[in-house]
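Here the structure comes first, spelled out in structure tokens, and everything after it is commentary.
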Amino acid sequence: MNKEIQKIAAQNKKRQHLEEKIVANILKLTAIISVTTTLGIIIVLFSQSLIFFENISPWEFLTGTKWTPLFRPAHFGVLPLIGGTFLVAFIAAVVALTLGIGAAIFLSEYAPERLRKILKPILEVLAGIPTVVYGYFALTFITPILKVVFGQDNVIIFNALSAGLVMGLMIMPMVSTLSEDAMVAVPKSLRDGAYALGATKFEVSTKIVFPAALSGIVASFVLALSRAIGETMIVKIAAGSTPNLTLNPLESIQAMTGYIVAVSQGETPHGSVEYGTIFAVGLLLFVLTFIMNIIGRVIISKFRQVYE
Amino acid sequence: MLTTKKTNSKKTRQIKETFFLYLFLSSVVIGILALAVLLIDVLIDGLPYLNWDFLTKYASRKPLNSGILAPLAGTVWVVLLTAIFTVPVGIATAIYLEEFAKKGRFIRLIELNISNLAGVPSVIYGLLGLAVFVQFLFDGSRNLISGALTLTLLILPIVIIASQEAIKAVPSSFKDAGYAMGATRWQVVKKVVLPQAIPGMMSGIILALSRAIGEAAPILMISSLVWVTFVPTTPNSKFTVLPLQIYTWVSQPQEDFRSIAAAGIIVLLVILLIMNSIAVKIRNKYQQRSEQ
């Protein structure tokens with residue numbers, strides 16, 4: 001009888017071990033999907049843009065100042081797209097940084113806990129609104145206002161400023177949340193030291209907390225900029241589709257993302273040089289945002305170490 | 001002499017203090033006001049066009065005859081398919097990373113990779129979907145499955161990270177009790193960790209799906225359809241989704257189409273609002289329970 005039980009127990013254990021092993025391997029397989037996605041992105045971007053780089057040298061691509069791939073004569077200089085992208089992203093980053101840091105200081109240093117708990121979720125709604133909605137808002141609300149402010153003839157209906165302002169609004173919660181995290185991480189003893197010397201809240205905020213949290217704030221700026229560069233629908237709807245190397249935010253531009261979407265939607269034949277352009281531009285976009293994300297993350301992990 | 005100077009500087013410091021308090025406060029207020037203006041603008045433009053006909057008609061070249069039946073059905077299809085693909089893979093990956101894998105280089109690599117994927121622009125996922133799913137897997141057919149698979153890859157990092165957080169929130173004493181009874185790892189996961197973590201995972205998954213519903217760029221690349229006048233019947237159907245239809249309407253020059261777009265935006269925002277409140281409700285309930 002006892003032996004029987006022992007036998008069943010041993011069998012049970014064997015079965016459990018087998019089950020454990022199978023489950024562990026299945027789970028491991030799913031975890032590998034994420035790695036395959038990254039590899040997939042890299043392989044697709046390189047292999048599909050190959051046909052483009054066989055015909056146009058990377059040097060011509062990166063330094064050319066004319067982008068007219070679908071017209072004759074075709075020019076394949078990506079600088080106008082990069083310029084357009086950064087013009088919008090820069091405006092967005094300035095808006096997001098000004099509002100975001102102000103909001104972060106208010107929430108972390110001034111606001112009582114109860115007020116903070118109400119305000120923060122409301123601000124974060126801004127980050128959850130779909131980008132087409134922002135595009136609509138930029139085109140139908142902000143652009144008409146800009147036309148009144150700068151004069152009907154000076155503002156083109158599709159312009160970089162409108163897209164940039166609205167995008168800044170969208171990424172503002174990202175800046176304020178990341179900056180606030182950095183400010184909250186500043187030890188209380190530093191603040192108390194300054195208060196003990198008779199400093200006001202403003203002095204503590206700007207002379208103690210802000211410098212101590214600076215790296216986190218810089219990181220939030222880099223990550224927000226990267227987010228702005230990758231944003232698509234706002235620039236597609238509100239900023240126009242004219243590749244244009246300009247610093248005038250009232251003009252129409254085309255961003256890298258806007259170009260990719262415009263061409264992939266059209267009838268460009270699969271496997272042509274024109275089709276290859278979207279993957280070449282995509283590769284450039286991927287590399288740019290990848291580098292910025294890495295920089296942002298490195299800065300964040302550095303500032304965390306300082307106070308731990 | 002010295003005392004007057006001191007009081008002066010104290011006064012200016014106080015003025016400065018008040019001034020900057022309001023300046024910082026104003027950044028918060030501007031953000032909230034902008035949100036309010038955006039919502040009111042959409043409501044004023046769109047509400048007059050929002051009626052039962054609008055929800056049950058197909059898109060039309062005439063703005064006033066337009067409806068959102070096709071994109072509404074497309075969105076429901078895409079979300080369901082995306083959920084079917086995302087949920088098992090996302091949860092399984094999170095379980096593996098938190099409970100099964102030995103902490104080491106391989107895990108650090110996977111986690112770094114996941115957080116990087118979360119920062120990849122959505123157009124890049126569109127390119128990936130276009131090349132791998134549309135061109136390679138389905139031979140040029142721009143179908144629902146391609147769209148759902150693309151969105152799955154897009155939101156998978158968010159789902160994995162949220163599920164990991166939910167698993168981390170399960171007290172280790174619970175797990176230790178399980179192990180002390182001689183349970184295997186899989187038994188502990190199945191009987192202790194998952195029942196505790198599922199509400200947290202659910203709220204993360206719903207939030208990720210609502211992100212997928214709002215995404216227009218990758219779907220614009222995959223679907224590329226502008227006027228759809230049918231409801232998809234199989235996963236192989238062509239399709240459109242709400243944000244894509246809104247984009248199409250916004251891009252029309254006629255004023256009336258913009259108002260129709262606003263009506264579409266209201267529908268989209270209501271869906272997102274419902275999903276988000278469900279997620280918040282689940283999360284609150286779950287937090288209360290774990291605090292007890």
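Within every chain, numbering begins at 1; the chains are lettered A, B, ... in the order of the sequence lines, protein sequences first and strands thereafter.
- Looking only at side-chain heavy atoms (C-beta outward), B:Trp186 and A:Ile22 stay at 4.5 Å or farther from each other.
- Looking only at heavy-atom pairs under 4.5 Å with chain B, the residue among A:His17, A:Met292, A:Lys236, A:Glu109 that has the most is A:Lys236.
- When heavy atoms are compared at a cutoff of 4.5 Å, A:Ile142 does not approach chain B at all.
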Self-check item: Steps toward side-chain contact (heavy atoms from CB on, under 4.5 Å) verdict (B:Val123, A:Leu285)
Solution: CA-CA 9 Å; B:Val123 262; A:Leu285 180 69; 3.6 Å; yes
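- Proximity to chain A involves both the backbone and the side chain of B:Ser115, based on heavy atoms less than 4.5 angstrom apart.
- For B:Arg13 against A:Ala199, the heavy-atom pair with the smallest separation is NH2-CA, 3.8 Å.
- Proximity to chain A involves both the backbone and the side chain of B:Leu38, based on heavy atoms less than 4.5 angstrom apart.
- Heavy atoms from other residues, nucleotides or ligands lying under 6.0 Å from NZ of A:Lys14 number 12 at most.
- Of the two parts of A:Phe158, neither the backbone nor the side chain holds a non-hydrogen atom closer than 4.5 Å to a non-hydrogen atom of chain B.
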Practice problem: Could you walk me through whether B:Leu21 and A:Lys201 pass side-chain contact (heavy atoms from CB on, under 4.5 Å), step by step? | Solution: CA-CA 9 Å; B:Leu21 165 63; A:Lys201 257 198 174 150; over 6 Å; no
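- Only the side chain of B:Gln135 comes within contact range of chain A, judged by heavy atoms closer than 4.5 Å.
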Practice problem: Let me see the working for B:Phe100 and A:Val23 under side-chain contact (heavy atoms from CB on, under 4.5 Å), right down to the final yes or no. | Solution: CA-CA 10 Å; B:Phe100 277 82; A:Val23 168; 4.1 Å; yes
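- Heavy atoms closer than 4.5 Å to chain B are found in both the backbone and the side chain of A:Ile41.
- Contact annotation for B:Ile124: only side-chain heavy atoms (C-beta onward) come within less than 4.5 Å of a heavy atom of chain A.
- With respect to chain B, the highest number of heavy-atom pairs below 4.5 Å among A:Gly135, A:Gly230, A:Ala111 belongs to A:Gly230.
- A:Glu20 places a side-chain N or O within 3.5 Å of a backbone atom of B:Arg185 that can act as its donor or acceptor partner.
- Residues A:Val44 and B:Leu127 come closest through the heavy atom pair CG1-O, 4.2 Å.
- Neither the backbone nor the side chain of B:Leu23 comes within contact range of chain A, judged by heavy atoms closer than 4.5 Å.
- Look at B:Lys16 and A:Glu203 and you find no salt bridge, because none of the NZ, NE, NH1 or NH2 atoms lies under 4.0 Å from a carboxylate O.
- Contact annotation for A:Ile43: neither backbone nor side-chain heavy atoms come within less than 4.5 Å of a heavy atom of chain B.
- Of the residues considered (A:Phe286, A:Phe290, A:Phe279, A:Tyr134), A:Phe279 shows the highest number of contacts with chain B, using heavy-atom pairs under 4.5 Å.
- Checking B:Asp45 against A:Tyr136 by side-chain atom types alone, a donor-acceptor pair falls below 3.5 Å.
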Quiz item: Can you list the steps and then say if A:Val132 with B:Leu244 is a side-chain contact (heavy atoms from CB on, under 4.5 Å)?
Solution: CA-CA 8 Å; A:Val132 263; B:Leu244 188 49; over 6 Å; no
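- Contact of A:Ile278 with chain B is made through backbone and side chain together, with heavy-atom distances under 4.5 Å.
- None of A:Leu126, A:Ile122, A:Val125 except one satisfies the side chain to side chain contact (heavy atoms under 4.5 Å, CB included) rule with B:Ile32; the exception is A:Ile122.
- In this structure, B:Phe20 and A:Phe202 have parallel ring planes: the angle between them is below the 30° cut-off, well short of the 60° mark.
- If you measure heavy-atom distances from A:Arg297 to chain B, the contacts under 4.5 Å come from the side chain alone.
- The parts of A:Ser34 that come within reach of chain B are both its backbone and its side chain, each placing non-hydrogen atoms under 4.5 angstrom from that chain.
- By number of non-hydrogen pairs under 4.5 angstrom with chain B, the leading residue of A:Thr257, A:Leu107, A:Thr38, A:Thr289 is A:Thr38.
- Neither the backbone nor the side chain of B:Val29 comes within contact range of chain A; no heavy atom of the residue lies under 4.5 Å from a heavy atom of that chain.
- No other option in A:Lys13, A:Glu19, A:Met172 has as many heavy-atom pairs under 4.5 Å with chain B as A:Glu19.
- Interface summary for chain B: among A:Gln48, A:Met256, A:Lys28, the most heavy-atom pairs under 4.5 angstrom belong to A:Lys28.
- Side-chain contact, B:Glu17 with A:Thr200: a donor N or O sits under 3.5 Å from an acceptor N or O.
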